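In what follows, a single structure is set out as C-alpha cells and then discussed.
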Number of protein chains: 2
Amino acid sequence: MKKIQGITESETTRKQAEAEELQNYIGETVQMHGFVYKIRKMSDFAFVLLRTKRAVVQCIYSAEYSEFPLELLQEESAVQVTAKVIAEERSRTGYELQMLAVEVVSVPEELSPIVINNKKVDTSIENLLNYRPVTLRNEKERAVFKLQEGICRAIREFLYEERFTEVHTPKIVAEGAEGGANIFRLDYFGEQAYLAQSPQFYKQMMVGVFERVFEIAPVFRAEKHDTARHLNEYTSVDFEMGFIESFEEIMQMETKMLRYVMKFLREKYEQELSLLRVVLPEFTEIPAIRFYEAKELVAKEYHREMKDYEDFEPEEEKLLCELVRKQTGSEFVFVTHYPSKKRPFYAMDSKENPEETLSFDLLFRGLEVTTGGQRIHTYPEQVEKMKARGMKPEAFESYLMMHKYGMPPHGGLGLGLERLTAKLLGFENVRYATLFPRDINRLTP
Amino acid sequence: MKKIQGITESETTRKQAEAEELQNYIGETVQMHGFVYKIRKMSDFAFVLLRTKRAVVQCIYSAEYSEFPLELLQEESAVQVTAKVIAEERSRTGYELQMLAVEVVSVPEELSPIVINNKKVDTSIENLLNYRPVTLRNEKERAVFKLQEGICRAIREFLYEERFTEVHTPKIVAEGAEGGANIFRLDYFGEQAYLAQSPQFYKQMMVGVFERVFEIAPVFRAEKHDTARHLNEYTSVDFEMGFIESFEEIMQMETKMLRYVMKFLREKYEQELSLLRVVLPEFTEIPAIRFYEAKELVAKEYHREMKDYEDFEPEEEKLLCELVRKQTGSEFVFVTHYPSKKRPFYAMDSKENPEETLSFDLLFRGLEVTTGGQRIHTYPEQVEKMKARGMKPEAFESYLMMHKYGMPPHGGLGLGLERLTAKLLGFENVRYATLFPRDINRLTP
C-alpha cells in the first residue's frame with residue numbers, strides 16, 4: 001500500500017513562495033503560482049499582476065531576462081512563475097520580481113464580460129451579484145470577505161477566552177423560535193418542518209449544559225422585504241450566557257467583544273483595511289439609552305411626529321445614531337427596554353414595568369446589528385407568558401424541559417454578520433457584504 | 001446616557017473563581033457559581049458536586065463551617081457558593097473546597113425523570129435523545145461536545161495556518177450539487193428551491209477567488225436510511241484547494257490536518273479525553289489503496305463473494321479497516337480511484353482509465369468519514385461530462401461561469417464532523433456524537 005505522509009508534493013519537490021514571504025527571498029529565485037490578474041504593457045517591459053491567495057503581487061516582464069513571449073500570458077490564466085527577487089529601494093515593497101519563466105497551468109475559455117481587474121468593478125449591483133464567481137476575483141471585492149473571516153476569527157477567539165463553548169444546533173426544526181409568518185416551511189418525511197429563524201431554543205438549552213455557548217451559523221427568514229438591509233438567509237453570531245445578575249452583562253460582553261474584534265482586525269487584517277480604506281470605530285465604551293427616551297429624543301431633536309410607539313422606523317434608527325454621535329462621539333448605541341409587545345415570548349419583562357422587556361438592540365452607523373436580552377428562566381413564568389399570548393405550551397415540550405428541570409438567569413444576543421461587515425466597511429447595502437446573497441428576488445448564484 | 005464599558009458587573013463587584021483556577025486560591029475564600037450536580041451524604045458531612053462551565057467540582061458541606069442547612073441544596077439548582085480553598089494533600093486536586101455560604105439563584109420545578117448525575121445516563125438511546133436538554137447535563141454526555149468543539153478549533157487553526165480562507169455559503173440553493181433524489185425541497189417565494197447537500201459549487205467557485213477555502217456548516221440530505229451512521233442534517237467540514245499537481249495533495253493535506261487535530265486535543269482537551277477514556281489514534285502516515293484492489297483484498301481475505309463492483313457495502317468497509325489495521329497498524333485508510341459511475345458529475349476522471357476517478361474516501365475505524373477528490377476545471381470537459389450524464393449545462397450557468405472564465409486544477413473534501421467524533425470516541429451510533437440529531441424519525445428536540 002502507498003503511504004500518505006501529510007507532506008504535500010510541492011513541499012518536497014518545489015517550494016512555493018507565498019506573497020507575504022517574498023522579502024525573505026531577496027537575491028533568490030522563487031516559484032510562485034497564481035492567476036494573471038492584469039497585464040500592463042509599457043514601452044519596453046510590462047507589469048504583470050499576479051493574484052495569489054491574499055495579495056496581488058507585481059511582477060516585471062522584460063525581454064532582457066524573461067525567457068518566454070509575453071503573449072503566453074492571458075488574464076485569468078492560472079500560472080506557475082519562476083521569478084528572481086531583486087532588492088529595489090524605489091519599490092514600496094523593497095524588492096522587484098523579475099519573471100524568468102512561466103508555465104501556463106490553465107487558460108480561460110472566454111474573457112469575462114465584466115472587467116474585474118480595475119480598482120473597482122464598474123457595474124450595477126445586479127451584475128455584480130449575477131457574476132459573483134468572477135466579480136469576487138476583484139481585489140477589493142474579495143478583501144471584503146477576507147475581513148469578514150477576520151471578524152469571525154476574532155469573535156471565536158474572544159468567546160473561547162471568555163469560556164464559551166461552541167455548538168452546532170439543527171437548522172431543520174419543528175417550531176419557529178421567533179414566531180410570525182416569516183418562516184420557511186418544508187416537508188420532512190411527511191411532517192411539517194421549518195428552517196430555523198435563529199438558534200434561540202437550542203442556545204438556551206445549552207446554557208443548562210455549558211453555562212456559556214455560542215454558534216456562528218446560517219439562519220433563515222422568509223421576510224418579504226426588499227430593502228438594502230434584509231436578507232432571507234444570513235450568518236448569525238449567537239451567544240448565550242448563564243448566571244447573569246442583570247441583562248446589562250450581555251451588553252458588557254458585547255462591548256468587550258467588539259473592542260476585541262477591532263483590535264484583532266487592526267493587527268491581522270491591516271492589508272485589507274488599508275486596501276478598502278476602512279475607518280474602524282474607536283471606542284472604549286458604548287452609550288445606552290432607553291427605547292422611549294430614544295424615541296422622544298429623536299422626535300424632539302428632529303421635530304418629527306412619533307407614530308409607532310412600539311418600534312423604530314429605519315429613519316429613526318439613522319437619526320438616533322446621528323444624534324448620539326454628535327453628543328457622545330460614539331458610532332455605536334445600545335437601545336434598551338423595548339416594549340414587550342414587540343419582543344418574543346421568551347423575553348423577560350421588567351419587574352418595575354411589565355410592558356417593557358430587559359432587552360436591547362445595538363445600533364451601529366444607523367443600522368440595527370444586534371438584538372439581545374434576558375430570557376425567562378422559570379417554568380411558571382414562561383408558561384404563563386405563552387398562555388397570555390395564546391400559545392400552546394404543549395407544543396413546546398422539549399423547549400420547556402429546561403425551565404422545568406432548572407435554569408439559571410440567562411440571556412444572550414444575535415448579531416448579523418453581514419450587517420456588521422457592511423457597516424464597518426461603509427456599505428449602504430448589506431448585499432455587498434454577503435458572499436452569495438439570498439433575497440426575495442435572488443436564489444442564484 | 002448610561003455607558004457600557006465592557007466590564008461585567010461580576011468582575012467589578014465580586015470576582016467569580018473558575019474551576020480551573022482554584023489551585024491559585026489556596027488559603028482564600030472564593031465565589032463560584034454553578035449547578036448542584038449531585039449531593040452525597042456521608043455520616044457527618046456531605047459531598048456537594050458543583051457543575052461549572054467545564055468541570056464538576058467537589059465541595060464539602062459540614063456543619064462545622066457551613067452556615068446554612070444542607071436541605072437548602074437541591075440537585076439542578078443554580079447556586080452561588082462562597083467557599084474556602086484549603087490545601088489538602090490527600091485530594092487528587094491538592095485542595096479541598098469548604099462550603100461556607102450559599103445563595104440559591106433558581107430551583108427546578110420538578111426533578112428530571114431521567115437520572116443524569118451518575119457516571120453514565122442509564123437509559124435507551126430514544127430517551128437519551130428525547131430528553132436531550134437534560135441528559136446533556138451529564139458530565140460525560142457534555143464532554144463529547146466539548147471535544148467536538150476542540151476538533152473544529154483544531155481544524156480551523158490548522159487551515160488558517162495553511163492559508164485557507166473561511167467562507168459562508170448559502171444553504172438555500174437553486175440546484176443540488178450531489179444530484180439524486182436525496183434533497184429537501186422548499187418553496188422560495190414561489191420558486192422551487194432546495195437545501196444544500198454540500199457547499200460543493202460554492203467552494204469550487206471560491207478557489208478562483210482565494211485559492212484555498214474552507215467552511216464548517218450544516219448540510220442536508222433527505223436520505224431515507226435509518227441506520228447508525230446516517231443523519232439527515234449534519235455538520236460538514238469542507239475544504240477546497242487550487243493549484244494542485246495531483247489529487248494526492250488533498251490526502252496529504254487531510255493527513256496533516258488530522259495529525260494536527262490529535263495533537264491539539266491532547267494539549268487542550270485532556271480533561272475530556274481522560275473523562276471519556278478516549279484512545280486517540282497514533283499515526284504519522286495513512287495507507288492508501290485503490291478501490292478495486294481493496295475490494296479484491298477483502299473478498300480474498302474473508303472469502304466473500306464480490307457483489308457490488310461499484311461501491312463498498314458497509315460490512316466491507318469494516319473488514320477493510322480491520323485488515324489494514326492488522327497489516328499496517330493504521331486505523332485510517334484512504335481508498336482511492338472510485339468508479340466514475342458512482343461519483344458526481346464534477347469528479348475528474350483518470351486519464352489512464354476514464355472509468356476511474358481521481359477521488360478518495362477516508363475510512364476510520366470501519367466507517368467512511370471523508371469523501372474527496374480532484375474536480376474538473378476546464379469548461380469543455382465539464383460540459384461534456386454533464387451532457388454524457390444527460391444533464392443540461394444551461395441549468396448550471398452560474399456554476400459553469402468559473403470554468404468558462406478560468407480555473408486552476410483543484411480539489412477538496414467533505415468530512416462529516418459527527419462521524420469523526422463518533423469514531424474517535426468509539427461510538428457505534430453517530431447520534432451519540434450529534435447534539436440534536438435529525439433523522440427520518442426525529443425532528444425534536
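Computed from a predicted structure; not experimentally measured. Chain letters run A, B, ... following the sequence lines, proteins first and then strands; every chain starts at 1.
When the candidates His377(B), Glu166(B), Met407(B) are compared by the number of heavy-atom contacts under 4.5 Å with chain A, Glu166(B) comes out ahead. Ranked by heavy-atom pairs under 4.5 Å with chain A, the list Gly242(B), Ser77(B), Ser398(B) is led by Ser398(B). Comparing Leu186(B), Asn441(B), Leu443(B) by heavy-atom pairs within less than 4.5 Å of chain A, the highest count is held by Leu443(B). For the set Glu254(B), Met205(B), Lys53(B), the count of heavy-atom pairs under 4.5 angstrom toward chain A peaks at Lys53(B). Among the candidates Tyr234(B), Phe243(B), Phe210(B), Phe436(B), the residue making the largest number of heavy-atom pairs closer than 4.5 Å to chain A is Phe243(B). When the candidates Tyr379(B), Phe145(B), Tyr202(B) are compared by the number of heavy-atom contacts under 4.5 Å with chain A, Tyr202(B) comes out ahead.
For chain B, the nearby parts of Ala193(A) are the backbone and the side chain; heavy atoms of each come within less than 4.5 Å. Residue Glu233(B) touches chain A through its side chain alone, counting heavy-atom pairs closer than 4.5 Å. Contacts of Glu191(A) with chain B are made by side-chain atoms alone, with heavy-atom separations under 4.5 Å and no backbone atom involved. Of the atoms belonging to Val219(B), not a single heavy atom falls under 4.5 Å from chain A. If you measure heavy-atom distances from Val213(A) to chain B, you find no contacts under 4.5 Å at all. Only the side chain of Thr444(A) comes within less than 4.5 Å of a heavy atom in chain B; its backbone stays farther off. Only the side chain of Leu417(B) comes within less than 4.5 Å of a heavy atom in chain A; its backbone stays farther off. Heavy-atom distances place the side chain of Phe334(A), and not its backbone, under 4.5 Å from chain B. For Phe332(B), no part sits under 4.5 Å from any heavy atom of chain A, backbone or side chain. Of the atoms belonging to Glu293(B), not a single heavy atom falls under 4.5 Å from chain A. Heavy atoms closer than 4.5 Å to chain A are found in the side chain of Ile216(B), but not in its backbone. Using a 4.5 Å cut-off between heavy atoms, Glu215(B) does not touch chain A at all. If you measure heavy-atom distances from Val36(A) to chain B, you find no contacts under 4.5 Å at all. With a threshold of 4.5 angstrom between heavy atoms, Met206(A) approaches chain B through side-chain atoms but not through N, CA, C or O. Contact annotation for Gln327(A): only side-chain heavy atoms (C-beta onward) come within less than 4.5 Å of a heavy atom of chain B. Contact annotation for Phe283(A): neither backbone nor side-chain heavy atoms come within less than 4.5 Å of a heavy atom of chain B. Looking at Asn138(A), neither its backbone nor its side chain comes within 4.5 Å of chain B, counting heavy atoms on both sides. Residue Leu195(B) touches chain A through its side chain alone, counting heavy-atom pairs closer than 4.5 Å. Neither the backbone nor the side chain of Arg54(A) comes within contact range of chain B; no heavy atom of the residue lies under 4.5 Å from a heavy atom of that chain. Both the backbone and the side chain of Ile172(B) have a heavy atom closer than 4.5 Å to some heavy atom of chain A. Only the side chain of Glu18(B) comes within contact range of chain A, with at least one heavy atom under 4.5 Å from a heavy atom of that chain.
The pair Arg132(A)-Glu141(A) counts as a salt bridge, with a side-chain nitrogen and a carboxylate oxygen less than 4.0 angstrom apart. The existence of a salt bridge linking Arg51(A) and Glu76(A) is confirmed by a sub-4.0 Å separation between a basic side-chain nitrogen and an acidic carboxylate oxygen.
The heavy-atom pair separating Leu129(A) from Pro445(A) by the smallest distance is O-CD, 3.2 Å. Heavy-atom minimum distance, Phe35(B) versus Pro408(A): CZ-CD, 3.3 Å. Taking every heavy atom of both residues into account, Pro133(A) and Val209(B) meet most closely at O-CG2, 4.3 Å.
Counted by atom type alone, Gln148(A) and His168(B) present zero donor-acceptor pairs between their side chains at under 3.5 Å. Side-chain polar atoms of Thr165(A) and Lys146(B) form a donor-acceptor pair below 3.5 angstrom. At a cut-off of 3.5 Å, with distance as the only test, no side-chain donor of Glu149(B) or Tyr160(A) sits close to an acceptor on the other residue. Side-chain polar atoms of Arg442(A) and Asn232(A) form no donor-acceptor pair below 3.5 angstrom.
Every residue meeting the side chain to side chain donor-acceptor pair (under 3.5 Å) condition with Glu418(B), not counting sequence neighbours, appears here in chain and number order: Thr235(B). With sequence neighbours excluded, no residue forms a side chain to side chain donor-acceptor pair (under 3.5 Å) with Lys404(A).
Remark: side-chain polar atoms of Lys171(A) are paired, donor with acceptor, to backbone N or O of Thr169(A) under 3.5 angstrom.
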Exercise. How far apart are the C-alpha atoms of Lys256(B) and Glu162(B), what are their side-chain angles, what is the distance that settles it, and do they pass the side-chain contact (heavy atoms from CB on, under 4.5 Å) test?
Worked result: CA-CA 10 Å; Lys256(B) 212 168 160 185; Glu162(B) 292 286 340; 3.0 Å; yes

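For Phe189(B) and Phe184(A), the ring centers sit closer than 6.0 Å to each other.
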